[in-house]
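One structure is given below, represented as structure tokens, and several questions about it will come after.
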Amino acid sequence: MLGVDGVEVDLFERLPSPFGLVRAGVAPDHQDTKLVVDIFHEAFENPRFGCHLNVEVGREVTHEDLLAHHHAVIYAVGASKSHDLGIPGEELPGNEAAANFVAWYNGHPDHAGDQFDLSAERAVIVGNGNVALDVARILLLPHDHLAKTDIADHALEALANSNINEVVILGRRGPRNGAFSVGEFQALRFLPGIDVIVDSNDLDPHAGDDIETVMKLEVAREYAERKPSPGNKRIVFRFMTTPAEVVGEGRVQGLRVVHHGFDATGRLVPGAGHSEVIETSLILRSIGYQGSPVDGVPFDGDRCIIPNDRGRVLDHDGHPVQGVYVTGWIKRGPRGVIGTNRTCAEETVARLWEDFDDGRLSRDVQDRTALEELLRHRNAEPVDWSGWCSIDTAERKRGVDASRPRVKFVGVADMIEASKS
Ligand code: NAP
């Protein structure tokens, strides 16, 4: 949008650091993926760009405030909560959201103080999407491998003392319908000191016609044919298996699961197999994220998204809310890789320009000076782009001696302090 002369863009973010899931979601052993943020530097240094980190909508500013100071407001607030499994025993300590584990190892301030029980030899992950694969790798990668990344210090230390040497990943369908992407599934074979185990009985009898399902089944077949190396850690894929009950006295001691089967035509038959308890003290449910409502903005509680038509926010009667837009996971649900968000944002911005061209965004709004005055009045402590650059520089400096890309600050106060240096 900044490419169009005269357009001013203000960005609001509740943390003193930008980049959402790139910083707090992308796994630390995928440093190259994080380089995507470099494409924003030029835009963020544009004088028509206003960066207001450490300002939360609903805390220092409201939705109405944003509308009073801007012709259009785009929500890109993501989806950070985890679904529940809806099975007995779920309240037991040791049954945790993978989303929280990811935020913990990535140093998100909300989860820096979380604790995970890594004392047993086995962890179980429910769901087999790319997040499950990220979590499995981080649980099992050797210390020297993780120590070269920007993983949070508290996680690096806890994982160095972890006893976990086996991670079981449960998928409720066959390998050809695994939620992981083929590339991520295939890349597991290169992990140092880690075997990938697939039971040949779990292989779907038919691959189907779709190239992706064919490739997933093919990779699973290759894993099933491999011989494990003695002494290696293990990622064990269990397919056609659903969780039925979290078991334990006072805390998680196991997960009861039910196996399914295939009929003669290759269709999945729910509950056709047996049931068993997998012993573990740590269950991480990685069954997708869900969005949360923003005060004053319509919300679809069933789908956990902001209701919209290709990015235009809709009210409860299905009419567009003038000047309000949405993009990313809070627009379409928690699906897609980083590149998907680019297409998604382009679609939303195209709607915004249509509305601008049709005169639907023309109304009087207050200027930037008034916005700064409002933030002062609300006792906000905004961190601007140069403040973030100071935090970034300080984190990178902290990493130099340890040959790490950065050592993250995991507390908001520390980040604000660093932003002033
Ligand atoms: P996801 O891909 O939607 O996977 C969710 C998994 O949970 C699926 O296996 C799903 O099974 C299972 N599931 C859902 N409800 C369940 C239930 N009640 N019981 C048992 N299993 C259940 O979600 P995600 O892994 O959180 O990933 C979110 C998005 O981020 C995805 O688009 C992913 O590709 C992306 N991402 C990408 C990367 C990367 O590119 N490296 C890394 C991380 C995340 P079904 O498939 O049978 O529904």
Side-chain angles (χ1 to χ4, degrees), residues 20-36 78-90 95-103 105-106 124-138 149 167-188 190-191 202 204 208 210 212-213 216-217 220 237-246 255-260 267-268 270-271 278 283-291 303-305 328-344:
L21 274 184
V22 175
R23 181 174 165 96
V26 172
D29 62 329
H30 281 179
Q31 286 298 312
D32 286 354
T33 308
K34 293 181 186 254
L35 295 177
V36 68
S80 55
K81 275 175 54 190
S82 175
H83 288 285
D84 291 335
L85 289 167
I87 58 174
E90 211 172 356
N95 170 37
E96 314 283 353
N100 295 351
F101 187 74
V102 170
Y105 66 59
N106 272 322
V124 177
I125 304 177
V126 182
N128 63 14
N130 285 328
V131 169
L133 270 50
D134 285 350
V135 168
R137 290 196 316 277
I138 299 304
T149 73
V167 175
V168 177
I169 299 182
L170 301 185
R172 57 185 173 182
R173 297 187 282 163
R176 70 173 194 168
N177 294 121
F180 42 70
S181 47
V182 183
E184 295 297 334
F185 189 37
Q186 205 161 23
L188 297 176
F190 302 112
L191 299 179
D202 281 356
D204 312 65
D210 177 65
E212 196 164 328
T213 61
K216 285 179 181 174
L217 188 55
F237 281 90
R238 303 282 292 269
F239 293 99
M240 300 175 298
T241 305
T242 44
E245 182 188 4
V246 179
L255 180 65
R256 182 179 301 285
V257 297
V258 178
H259 298 270
H260 310 295
R267 284 220 321 251
L268 196 78
I278 304 175
I283 299 169
L284 293 165
R285 50 184 197 284
S286 182
I287 56 173
Y289 288 67
Q290 55 180 319
R303 299 176 62 205
C304 294
I305 60 165
W329 279 7
I330 195 68
K331 167 185 173 186
R332 60 177 203 277
R335 282 180 308 280
V337 293
I338 290 175
T340 320
N341 289 305
R342 186 185 177 123
T343 326
C344 180

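Counting starts at 1 for both ligands and their atoms, in listed order.
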> With a 4.5 Å limit on heavy-atom distance, are the side chains of His30 and Asp134 in contact?
Replying inline: yes
>> I'd like to know if Asp84 and Arg285 make a salt bridge, using a cut-off of under 4.0 Å between side-chain N and carboxylate O.
In response: yes
>> Just to be sure I read this right, does ligand 1 sit under 4.0 Å from the backbone of Phe180, its side chain, both, or neither, counting only heavy atoms?
In response: neither
>> Please list the nearest protein heavy atom to atom 7 (O) of ligand 1 with its residue and the distance rounded to 0.1 Å.
In response: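 Sorting protein heavy atoms by distance from atom 7 (O) of ligand 1 puts Ile287 CA, 3.2 Å first.
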>> Show me which atoms of ligand 1 lie under 4.0 Å from any heavy atom of Arg335.
In response: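 Counting atoms of ligand 1 from 1, those under 4.0 Å from Arg335 are 32 (O).
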> Which residue supplies the protein heavy atom nearest to atom 32 (O) of ligand 1, what is that atom called, and how far is it?
Replying inline: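 The answer is Gly336 N, 2.6 Å.
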> What part of Leu170, side chain from CB on, backbone N/CA/C/O, both or neither, has a heavy atom under 4.0 Å from ligand 1?
Replying inline: neither
>> Side chains of Phe180 and Leu188, heavy atoms from C-beta outward: is any pair under 4.5 Å?
In response: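 When only atoms from C-beta onward are counted, Leu188 and Phe180 do not touch, as no gap falls below 4.5 Å.
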>> Are Val26 and Ile338 packed together at the side-chain level, in the sense that at least one heavy-atom pair is separated by less than 4.5 angstrom?
In response: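 The answer is yes, as the side chains (C-beta and beyond) meet within the 4.5 Å cut-off.
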> Do Thr242 and ligand 1 have an N or O pair less than 3.5 Å apart?
Replying inline: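 The answer is no, given that Thr242 and ligand 1 share no N or O pair closer than 3.5 Å.
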> Where is the nearest protein heavy atom to atom 30 (O) of ligand 1: which residue, which atom, and how far?
Replying inline: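 Looking at atom 30 (O) of ligand 1, the protein heavy atom closest to it is Trp329 CZ2, 3.3 Å.
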> Who gets closest to atom 12 (C) of ligand 1 by heavy atom: Ala99, Gly127, Ala79?
Replying inline: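 The option holding the nearest heavy atom is Gly127.
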> Are there protein heavy-atom neighbours of atom 26 (O) of ligand 1 below 4.0 Å?
Replying inline: yes
>> Please check whether Asn130 reaches ligand 1 - meaning an N/O of the residue sits under 3.5 Å from an N/O of the ligand, judged on distance alone.
In response: yes
> Of all the atoms in ligand 1, which lie at a distance below 4.0 Å from a heavy atom belonging to Ser286?
Replying inline: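 Heavy-atom distances to Ser286 below 4.0 Å select 5 (C), 6 (C), 7 (O).
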> What's the shortest heavy-atom distance between Glu90 and Asn95, and which atoms?
Replying inline: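 Closest heavy-atom pair between Glu90 and Asn95: O-ND2, 2.7 Å.
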>> Looking only at distances, can you tell me whether any N or O atom of Arg173, backbone or side chain, sits closer than 3.5 Å to an N or O atom of ligand 1?
In response: yes
> Is the backbone N or O of Arg238 less than 3.5 Å from a side-chain atom of Asp202, with the two atoms forming a donor-acceptor pair by type?
Replying inline: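 Checking the backbone N and O of Arg238 against the side chain of Asp202, no donor-acceptor pair under 3.5 Å is found.
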> Is there side-chain contact between Phe239 and Asn128, with at least one heavy-atom pair below 4.5 Å?
Replying inline: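 Yes, their side chains come closer than 4.5 Å.
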> Given side chains that start at C-beta, do those of His260 and Thr242 come closer than 4.5 Å, heavy atoms only?
Replying inline: yes
> By number and element, which atoms of ligand 1 are closer than 4.0 Å to a non-hydrogen atom of Asp134?
Replying inline: 42 (C), 43 (C)
>> For a 4.5 angstrom cut-off between non-hydrogen side-chain atoms, does Leu170 reach Leu255?
In response: yes
> Got the closest protein heavy atom to atom 8 (C) of ligand 1, with its distance?
Replying inline: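 It is Ala179 CB, 3.5 Å.
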>> Students should be able to answer this: which protein heavy-atom is nearest to atom 28 (C) of ligand 1, and at what distance?
In response: Pro334 O, 3.5 Å
> Would a distance-only check, ignoring hydrogens and angles, find a side-chain to backbone donor-acceptor pair under 3.5 Å from Asp204 to Leu217?
Replying inline: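 The answer is no, because no donor-acceptor pair under 3.5 Å joins these two groups.
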>> In the structure I gave you, are the side-chain heavy atoms of Val182 and Glu212 within less than 4.5 Å of one another anywhere?
In response: yes
> Do the rings of Phe101 and Tyr105 sit parallel, tilted or perpendicular, given the 30° and 60° boundaries?
Replying inline: perpendicular
> When only distance counts, is Arg172 in polar contact with ligand 1, meaning an N/O pair under 3.5 Å?
Replying inline: yes
> Relative to ligand 1, is Val337 under 4.0 angstrom through side chain, backbone, both or neither, heavy atoms considered?
Replying inline: side chain
>> Distance under 4.0 Å to a non-hydrogen atom of Tyr289: what atoms of ligand 1 satisfy this?
In response: 26 (O)
> Identify the closest protein heavy atom to atom 23 (O) of ligand 1: which residue and atom is it, and at what distance?
Replying inline: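 Result: Gly288 CA, 4.1 Å.
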> Given that the side chain starts at C-beta and the backbone is N, CA, C, O, which of these parts of Glu184 lies under 4.0 Å from ligand 1, counting heavy atoms, or is it both or neither?
Replying inline: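 The part of Glu184 near ligand 1 is the side chain, not the backbone.
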>> Quick test: of every protein heavy atom, which one is nearest to atom 24 (P) of ligand 1, and how far off is it to 0.1 Å?
In response: Val131 CG2, 3.7 Å
> Can you tell if the side chain of Arg332 reaches within under 4.5 Å of the side chain of Ile305, non-hydrogen atoms only?
Replying inline: no
